[in-house]
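See structure below.
None of the values given here were measured: they were computed from a predicted structure. Below, chain A is the first sequence line, B the second, and so on; all start at residue 1. Every heavy atom of this structure was used, including side-chain atoms; hydrogens, water molecules and symmetry mates were not.
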Amino acid sequence: MTRNASAPFDRDDLADPASAARALLGAHLVRISNRNVRKARIVETEAYWEEDPASHSFGGVTARTRIMFGPPGSAYVYRIHRVLCLNVVVGPEGRGEAVLLRAIEPIAGIAEMEVARASQTVGAREPRGVALTNGPGKLCQALDVTMDWYGTDLIEGRSLGQNGRLVLEARPPADFIRVGRSPRIGVSKAKEEMMRFYIKGNPWVSPRKGDE
DNA sequence: ATGTCGATTCCCT
DNA sequence: GGGAATCGACATA
């Protein structure tokens, strides 16, 4: 028995989008590079399901979305405006389902996250505190998630050459959470669907009206 | 070849 | 709470 024992994330918890989005709350996202280890707790997610008009997979496979139809646990990284966003592919292979990681709470390697954010952010201001990781684009900057990670398996988290490793770990058993739910952010279709999930009261959850 | 449109972020009022 | 930045994906021709 070691202290700080970490268990792998259970791939079976990615069986369907809504329950996967819940299951990923409290799980840890770990970024290991040659120089440092950055660790964070997932505090906000959104589910995108088969036949969801707001999903990138709606309308079928394209070069950009092909990994959404791949095995659950795969990373789907895409560019929007100036930034990248990270998704976990979920559901049975071939359905095009995924969970968007919208916000994380830094646990370790915070100084390294600040450096990574400052070097990639467009504004002149240096991101600190909750602004470090309280959005889907921000968390990718903080963890140096690039398109190189497209298609990598986040459960096994195998190392990607010089880039290191990006891996999910199970929520620690002692970390009890209360889950809140709301419509998704920024989508123009299926607006009313309550498919955004977040840890109630967590400061890193992206600020939205109606949240606790 | 050209036009439209974001699963966003930042800065300003 | 509003608008600009900014660029690749995708649709249309």
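For the atom pair CG (A:N163) and CH2 (A:W149), the distance works out to 5.5 Å, reported to the nearest 0.5 Å. To the nearest 0.5 Å, the span separating CD1 on A:I67 from OG on A:S57 amounts to 12.5 Å. The distance from the OG atom of A:S159 to the CG atom of A:N34 is 9.5 Å, given to the nearest 0.5 Å.
Between A:N134 atom CG and B:dC10 atom P the separation is 9 Å, expressed in whole Å. The distance from atom CG of A:L84 to atom C1' of B:dT9 is 13 Å, rounded to the nearest whole Å. The distance between atom CD of A:Q120 and atom C1' of B:dC10, rounded to the nearest whole Å, is 15 Å. Going from atom CG of A:N87 over to atom P of B:dG6 covers 17 Å, rounded to whole Å. To the nearest angstrom, P of B:dT8 lies 10 Å from CD of A:E44. Here B:dC11 presents its C1' atom at 17 Å from CD of A:E126, a figure rounded to the nearest Å.
Comparing A:A131 and A:V187 by the nucleotide of DNA chain B whose heavy atom lies nearest to each, the residue mapping closer to the 5' end is A:V187.
In terms of phosphate contacts, A:S188 brings a side-chain nitrogen or oxygen within less than 4.0 Å of OP1 or OP2 of B:dG6. Contact annotation: A:K189 does not reach the phosphate of B:dA7 (side-chain N/O to OP1 or OP2, under 4.0 Å). Between A:T121 and the phosphate of B:dT9, there is no side-chain N or O to OP1/OP2 separation shorter than 4.0 Å.
With both ends at atom P, the span from B:dT2 to C:dT6 equals 22 Å, rounded to whole Å.
Stacking of the aromatic ring of A:Y78 onto the base of B:dA7 is not found under the criterion of centres within 5.5 Å and planes under 30°.
Using modelled atom types, one side-chain atom of A:R66 and one backbone atom of A:A63 make a donor-acceptor pair closer than 3.5 Å. The main-chain N or O of A:A47 is found under 3.5 Å from a side-chain atom of A:R184 such that the two form a donor-acceptor pair. With hydrogens and angles ignored, the 3.5 Å screen pairs no side-chain donor or acceptor of A:R31 with any backbone N or O of A:R38. Remark: the backbone N or O of A:Y78 is not paired with any side-chain donor or acceptor of A:R64 at under 3.5 angstrom. Not one N or O on the side chain of A:R95 forms a donor-acceptor pair closer than 3.5 Å with the backbone of A:E50. Looking only at distances, no side-chain donor or acceptor of A:R117 sits under 3.5 Å from a matching main-chain atom of A:P127. Of the possible donor and acceptor atoms, none in the side chain of A:Y198 sits under 3.5 Å from a partner among the backbone N and O of A:A103.
Of all the residues in residues 143-153 of chain A, not one reaches under 4.0 Å from DNA chain B with any non-hydrogen atom.
In this structure, the nucleotide among B:dT9, B:dC10, B:dA7 sitting nearest to the side chain of A:R117 is B:dC10.
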* What is the per-nucleotide protein-contact pattern of nucleotides 6-13 of chain C, from the 5' end, where B denotes a base atom under 4.0 Å from a protein heavy atom, S denotes such proximity for sugar-phosphate atoms only, and - denotes neither? -> BSSSS---

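The only option from A:I104, A:I42, A:I199, A:V130 that meets the side chain to side chain contact (heavy atoms under 4.5 Å, CB included) definition with A:W204 turns out to be A:V130.
Side-chain atoms of A:E112 and A:R35, non-hydrogen and from C-beta on, never get closer than 4.5 Å to each other.
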* To do: Would you write the dot-bracket representation of DNA chain C, where each base gets (, ), [, ], | or . depending on whether it forms a Watson-Crick or G-U pair under 3.5 Å and with which partner?
  => |||||.||||||.

